[in-house]
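Please read the structure below before turning to the comments.
Hydrogens, waters and symmetry mates play no part in the numbers below; they use all other heavy atoms, side chains included.
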Amino acid sequence: METKYLFVTGGVVSSLGKGIISSSLACLLKARGYRVTIQKFDPYINIDPGTLNPYEHGECYVTVDGHEADLDLGHYERFTNIRTTRANNVTTGRIYQSVIDKERRGDYLGKTVQIIPHITDEIKRNVMALGKTGNFDFVITEIGGVVGDIESLPFLEAVRQLRWELEDNCLCIHLTYVPFIAAAKELKTKPTQHSVKELQHLGIQPDVLVLRTEHDIPVTMRKKIAQFCNVAPDAVVQSRDASSIYKVPMLMHEQHLDEIVLRKVGIVPQGEPDLGPWREFLTKMDKATEKVTIGLVGKYVELQDAYKSINEALFQCATYLDRKLDLRYIHSEKLNGGNVDAQLEGLDGVIIAPGFGQRGIEGKFVALEWCRTHDVPTFGICLGMQCMVIEFARNVLGLTEANSTEMNHMTPDNVIDLMEEQKSIHNMGGTMRLGAYRCHLDPSSHAAAAYGSTEVEERHRHRFEFNNEYRARFEEAGMKCVGENPDTHLVEVVELPDHRWYIGTQYHPEYSSTVLAPSPLFMDFVKSAISYQKEKEQING
């Protein structure tokens, strides 16, 4: 069949959950046997979110081909089990950069370069290229921001043009908000009406409305919205707040969103989507009563999206192990020798978070020494792994001034050092070691047992590495380098074999964890945390 292009726009306010709705629809269509992919257009001028502070943008997600992407791509992968690439996330900056490069090469033959047609044509090219190269049945494109934002106008103009060019193979789903005014005890439809009118002013008539709400919207009110917005009454669905984002696909199916979309593009829905494994996951999630308590030590713990993929990987694994996740955020900048007992006692496991820079680093060392000496299951990721190495060097090897050259250029013991290929790089954007790389694991290692394999491939995002000149000293003292890149021999995984679970990975296994295929390493970590919890319960009677 011809590829169908679905556009998801948002109105009234941001953070309504366009990414979750897009992911849920993709999940439902994929469960019906269709080949589906999703892309996100972000209206900011940055080339990618790689240089953005987490306070600005939350987590920076990394695709398998080494593109630094919007965190919504993590949702796309977690909901669909598909692997995204740089083609799945495009910013205004990328669009303008491409157009300017073409202009410099003379591709436009001296013509004046303008928003229309050159910028909009480049946007359209990115939409269509994804459908053609991937041989997909459906391409879902989420337009970032809110209708009415100046930044989004070129993207919406491109959507308007594609609506005409693609005819019946294209539709627009508009996500909007129906607020509840507590003082009046009423739901209000006017913001949605204004949002749709704004979209109509741009030449786009939405085919489907998804109404975000905290309260049930009566059928009569939905009919009113349909009438005022020129949308068929059976194409107005509500999306009530859910206790978990993973329930949204089921809620959208109950609202017949997948069937509505199929009919709108000329496909008669056949049967039901195969959601058996998804339902099993939700059943486990709802039935779990016992908790597993994990501490996450980092410097961005006040931001719920800064460690999004780690949070979700832990939640997925806890759910499969019949546990509710009790995730405790511990601010590394506020952690010290005087309060570490109070902060970490009672935890079943600890994750030392990734990150960059000096701030909060000493608190991570304090946490790691406490976890190592108390034999608490501990997982260090990226900078967290590097901190494991530095703490061990200082407190076990006796190299009291050991450090990373990221933190101290003059350290006499640079156990973590800048990668050789990074030393000549001055442009910080998109130049780290990024994307999926192979890793060979020692067959006798705890990590290999967790994966059930000695050959794995995980995603990276770093500039600094374990200094192999110190490898023999670490291994003699008990910290084993059990994973390395087979091509470069960079150390990827370290562990303490004589501990319950003490593993650090230079890569980010959280990026590849999905609802239907949780990360084996995270799964083993949570299993160890549950075992440790049981040990403590037996000791305490």
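- The ring pair (Phe, Tyr, Trp, His ring centres under 6.0 Å) check on Phe365 picks up nothing, with sequence neighbours excluded.
- Scanning for salt bridge (charged side-chain N to carboxylate O under 4.0 Å, His left out) contacts around Glu455 gives an empty result, with sequence neighbours left out.
- Under the salt bridge (charged side-chain N to carboxylate O under 4.0 Å, His left out) criterion, Asp241 pairs with Arg212, sequence neighbours left out.
- Looking at residues two or more places apart in sequence or on another chain, you find a side-chain contact (heavy atoms from CB on, under 4.5 Å) between Ile20 and Ser24, His75, Phe79, Ile245, Val248.
- The side chain to side chain donor-acceptor pair (under 3.5 Å) contacts involving residues 275-284 comprise Lys284-Asp322, where partners must be two or more places apart or lie in separate chains.
- Residues satisfying the side-chain contact (heavy atoms from CB on, under 4.5 Å) criterion with Ala184, sequence neighbours excluded, are Ile181, Glu186.
- For Asp498, the side-chain contact (heavy atoms from CB on, under 4.5 Å) partners at least two apart in sequence or on another chain are Leu496.
- For His215, the ring pair (Phe, Tyr, Trp, His ring centres under 6.0 Å) test picks out Phe180, with sequence neighbours left out.
- With sequence neighbours left out, Asp326 forms a salt bridge (charged side-chain N to carboxylate O under 4.0 Å, His left out) with Arg328.
- For Glu290 and Arg323, the salt-bridge test passes: some basic side-chain N is under 4.0 Å from an acidic carboxylate O.
- For the salt bridge (charged side-chain N to carboxylate O under 4.0 Å, His left out) test, residues two or more places apart in sequence or in another chain that qualify with Asp375 are Arg500.
- Residues forming a ring pair (Phe, Tyr, Trp, His ring centres under 6.0 Å) with His499 (at least two apart in sequence, or on another chain): Tyr502.
- Listed by chain and number, the residues in a ring pair (Phe, Tyr, Trp, His ring centres under 6.0 Å) with Tyr511 are Tyr61, His508 (sequence neighbours excluded).
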